[in-house]
Amino acid sequence: MTVPPVPDEICRALSRHPEIVRERLLEIRQLIFTVAAEIGDVGPLTETLKWGEPAYLTEVSRSGTTIRLGATREAPHDSALLFSCKTSLIAMFRTAFPDEFTFDGNRALIIPANRAMPYTPLLFCLNTALTYHRRKGTGSRSQRSNKIEEA
């Protein structure tokens with residue numbers, strides 16, 4: 001899978017972070033595209049800015065929730081994956097991986113920039129976020145109609 005080049009607007013947004021955080025966020029960006037391609041039916045990702053931060057959406061399939069990349073006020077020198085606080089993702093990740101990550105409320109998973117990346121747990125988290133609506137039964141209309149037809 002070829003990860004698309006980093007758009008200029010994403011580079012500018014990431015440039016606000018210390019180099020170690022920026023490099024980690026770029027590494028996570030690559031994993032997001034790789035995991036989406038491996039899942040298969042997530043479809044193409046939309047890469048944009050939301051609240052001035054890189055954001056990854058499954059607009060076509062609507063299979064997942066938005067993943068944003070950045071840092072939090074509480075941990076400005078660490079990288080963070082931010083999710084809608086209306087999802088149950090952070091609660092699930094907190095239970096599954098209490099020692100691999102730290103968390104900021106119910107919206108952010110914090111990955112220390114100066115430690116080894118916890119790849120296996122992170123891959124699980126990305127897969128879960130990219131398929132969140134599919135599992136919850138709130139994906140695209142075509143996915144919902146397929147479920148109704150199968151019943």
Side-chain angles (χ1 to χ4, degrees), residues 1-7 9-11 13-14 16-17 20-113 115-144 146-147:
M1 190 265 140
T2 303
V3 175
V6 182
E9 65 182 4
I10 301 299
C11 284
L14 292 174
R16 291 178 273 208
H17 298 287
I20 192 168
V21 173
R22 182 172 54 250
E23 289 174 4
R24 177 56 54 95
L25 292 173
L26 285 169
E27 189 176 4
I28 295 167
R29 175 190 179 270
Q30 183 170 342
L31 288 175
I32 291 169
F33 280 101
T34 301
V35 169
E38 288 174 359
I39 293 171
D41 57 349
V42 165
L45 294 180
T46 300
E47 183 173 30
T48 189
L49 293 178
K50 287 194 177 263
W51 298 281
E53 297 170 324
Y56 303 87
L57 297 77
T58 57
E59 277 188 316
V60 174
S61 69
R62 297 184 185 260
S63 65
T65 190
T66 300
I67 302 169
R68 285 186 295 126
L69 299 179
T72 64
R73 279 188 219 132
E74 294 75 18
H77 297 290
D78 291 323
S79 54
L81 276 77
L82 299 107
F83 306 97
S84 168
C85 60
K86 295 178 182 178
T87 69
S88 59
L89 290 172
I90 295 298
M92 179 190 312
F93 301 156
R94 186 178 273 124
T95 300
F97 306 111
D99 300 324
E100 287 82 356
F101 306 110
T102 57
F103 302 91
D104 182 357
N106 61 350
R107 67 182 192 94
L109 179 151
I110 311 295
I111 303 169
R115 287 196 347 227
M117 179 93 84
Y119 282 101
T120 300
L122 183 57
L123 294 173
F124 173 85
C125 296
L126 293 174
N127 186 307
T128 303
L130 291 168
T131 58
Y132 181 78
H133 292 301
R134 183 185 318 146
R135 282 188 328 284
K136 291 288 195 183
T138 58
S140 69
R141 282 186 217 154
S142 63
Q143 288 172 333
R144 286 192 302 265
N146 287 345
K147 287 180 183 179

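For the single chain, residues carry numbers from 1 onward in sequence order.
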Could you go step by step and tell me if Leu109 and Phe103 meet the side chain to side chain contact (heavy atoms under 4.5 Å, CB included) rule?
CA-CA 5 Å; Leu109 179 151; Phe103 302 91; 4.1 Å; yes
Trace of the side chain to side chain contact (heavy atoms under 4.5 Å, CB included) decision for Asp41 with Arg134:
CA-CA 10 Å; Asp41 57 349; Arg134 183 185 318 146; 2.8 Å; yes
For the pair Thr87 and Met92, evaluate side chain to side chain contact (heavy atoms under 4.5 Å, CB included) and give the outcome as yes or no after the intermediate values.
CA-CA 10 Å; Thr87 69; Met92 179 190 312; over 6 Å; no
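Of all non-hydrogen atoms in Ala13 and Pro54, the two that sit nearest each other are CB-CD, 4.2 Å. Closest of all the heavy-atom pairs between Glu53 and Leu69 is CB-O, 3.4 Å. The two residues Ser79 and Leu25 have their closest heavy-atom pair at CB-CD2, 3.4 Å. Taking each heavy atom of Asp78 and Ala113 in turn, the nearest pair found is OD1-N, 3.1 Å. Counting all heavy atoms, side chain and backbone alike, Ala80 lies closest to Thr72 at CB-CG2, 4.1 Å. The two residues Arg29 and Pro4 have their closest heavy-atom pair at NH2-O, 2.9 Å.
Here Cys125 contributes atom SG and Ile111 contributes atom CD1; the two are 8.0 Å apart, rounded to the nearest 0.5 Å. With values rounded to the nearest 0.5 angstrom, Glu27 atom CD is found 3.5 Å from Tyr119 atom OH. Atom OG1 of Thr48 is separated from atom CD of Glu9 by 5.5 Å, given to the nearest 0.5 angstrom. A distance of 5.5 Å separates CG of Leu31 from CE of Met117, quoted to the nearest 0.5 Å. The NZ atom of Lys50 sits 13.0 Å away from the CG atom of Leu82 when rounded to the nearest 0.5 Å.
Under a 3.5 Å cut-off, the side chain of Arg22 and the backbone N or O of His17 do form a donor-acceptor pair. Side-chain atoms of Arg68 do not come within 3.5 Å of backbone N or O of Leu49 as any donor-acceptor pair. The main-chain N or O of Leu130 is found under 3.5 Å from a side-chain atom of Ser63 such that the two form a donor-acceptor pair. Side-chain N or O atoms of Asn106 include none that pairs as donor or acceptor with a backbone N or O of Ile90 at under 3.5 Å. Remark: side-chain polar atoms of Thr58 are paired, donor with acceptor, to backbone N or O of Gly64 under 3.5 angstrom.
In this structure the side chain of Thr66 never reaches within 4.5 angstrom of the side chain of Ser84, judged on heavy atoms. In this structure, the side chains of Glu38 and Leu123 stay at 4.5 Å or more apart for every pair of heavy atoms. Taking 4.5 Å as the limit, every side-chain heavy atom of Phe101 sits out of range of all side-chain heavy atoms of Ile110. The shortest side-chain heavy-atom distance between Phe93 and Thr128 falls under the 4.5 Å cut-off. Inter-residue side-chain proximity for Arg73 and Asp104 is flagged as unmet; no heavy-atom pair is nearer than 4.5 Å. Between Leu81 and Leu126 the shortest side-chain heavy-atom distance falls below 4.5 Å.
Screening Leu26, Ile28, Val21, Ile20 against Arg24 for a side-chain contact (heavy atoms from CB on, under 4.5 Å) leaves a single residue, Ile28.
Proximity of the aromatic rings of Tyr132 and Phe83 is defined here by a centroid distance below 6.0 angstrom, and this criterion is not met.
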